[in-house]
Amino acid sequence: MPLLGDEILQRPLKVACIQIASGPNKAVNIARAREKVLQAAAGGVSLVVLPECFNSPYSTARFREYAEPLSSCPDLTEAPTFAALAQVAQDAGVFLIGGSIPECDQAGKIYNTCAVYSPQGKLLASHRKMHLFDINIPGGMSFRESDTLSSGNEITIVDLEGYGKIGIGICYDMRFAELSTIAARKGAFALVFPSAFNTTTGPLHWELLGRSRAVDNQVYSILCSQSRATPPSYPAWGYSMVSDPMGRIVAGAKESEDIIYATLEPGVIRESRQAIPISYQKRYDVYPDIGKLV
Ligand SMILES: NC(=O)CCC(=O)C(=O)O
């Protein structure tokens, strides 16, 4: 039986998405993120989202230098960013989607990893970017995360106790509709993508992808970008946004630093699913592998 409104989102959830730019000084990046999370929490939100790679420059050449262990790593013992995220989640009393940072594992491999914390500062889950950002657009954006990063192999769904479940992806992951569909089929009420999209593809694809993932799955999508930085820094697109299950943008930023707020409502999910009942109309007899996911 397909799920409707408050079966998947138990009560309204106020979220904030922090659009900031990272610089070369890790301690400054961490302090700035902390300040902004506390500022957002003062606005009465229960879920705060940070952008991709918020503790480091977004550069394949720099990721190792800024990496930290979540469990263990051969040469690194300190994890000041992860520790600061746990602490600020607790101090602010919010669920915190900690953007992403470079994470080092026990084999010394580096991942682009999003850590999620409870309002008590407990690590609830971590998502390693599954689809690495390797593109080459002549005259435009060229980037190869796979030069220095390894990819994660798991779809991450996190239970926000008292609200329901969310699916996590990191930026380029949003292009892969399967990840979102699987998370939604498993009961997520929102898809959250810490991001650092770019100025070549941003104008064409950013809003389109955010709204599509929401409409495809009749869930909220939350795209939280870095703000635009001046060259030669990576040209992040900005335009953080929250789309509702009908594809309406219910909160949006421009290019510069900002915090956007939205309240996710069970009734909006329910109404969109009742009005346009695609989940009843899906042809799992024709695509049975996806049908098995509930
Ligand atoms: N950081 C990223 O994954 C960027 C993705 C992006 O810009 C795209 O076009 O996709």
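In each ligand, atom 1 is the first atom listed, and ligand 1 is the first ligand listed. Residues: numbered from 1 along the sequence shown.
Checked against a 3.5 angstrom limit, the closest N/O atoms of C171 and ligand 1 fall outside it.
Proximity of H205 to ligand 1 is not established, as no heavy-atom distance is less than 4.0 Å. Taking 4.0 Å as the cut-off, Y58 counts as a neighbour of ligand 1 on heavy-atom distance. Note on ligand 1: E145 sits outside its first shell, no heavy atom being nearer than 4.0 Å.
Heavy-atom contacts of E52 reach the following atoms of ligand 1: 1 (N), 2 (C) (cutoff under 4.0 Å). Applying the 4.0 Å criterion to heavy atoms of T201 picks out, from ligand 1, the atoms 7 (O), 8 (C), 9 (O). Those atoms of ligand 1 that come under 4.0 Å of a heavy atom in K129, given as number and element, are 1 (N), 2 (C), 3 (O). The ligand atoms of ligand 1 that sit less than 4.0 angstrom from a heavy atom of R175 are 8 (C), 9 (O), 10 (O). Here is the list of ligand 1 atoms found below 4.0 Å of a heavy atom in A196: 1 (N), 2 (C), 4 (C).
Considering T200, N136, N198 in turn, N136 is the only one that fulfils the side chain to side chain donor-acceptor pair (under 3.5 Å) rule with S142.
I168 has its side chain within reach of V158: a pair of non-hydrogen atoms, C-beta onward, lies under 4.5 Å apart. Side-chain contact between I157 and I166 is absent, with no heavy-atom pair separated by less than 4.5 Å.
Between Y66 and F63, the ring center distance fails the sub-6.0 Å criterion.
Residues N217 and S180 have side chains that never bring a donor and an acceptor to within less than 3.5 angstrom of each other. At a cut-off of 3.5 Å, with distance as the only test, a side-chain donor of E145 or Y58 sits close to an acceptor on the other residue.
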(request) For the pair L96 and L85, evaluate side-chain contact (heavy atoms from CB on, under 4.5 Å) and give the outcome as yes or no after the intermediate values. (result) CA-CA 8 Å; L96 179 61; L85 289 172; 3.8 Å; yes

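Taking a cutoff of 4.0 Å between a charged side-chain nitrogen and a carboxylate oxygen, D244 and R248 qualify as a salt bridge.
The single protein non-hydrogen atom nearest to atom 6 (C) of ligand 1 is F133 CE1, 3.4 Å, given as residue, atom name and distance. Protein heavy atom closest to atom 7 (O) of ligand 1, with residue, atom name and distance, is N198 ND2, 2.6 Å.
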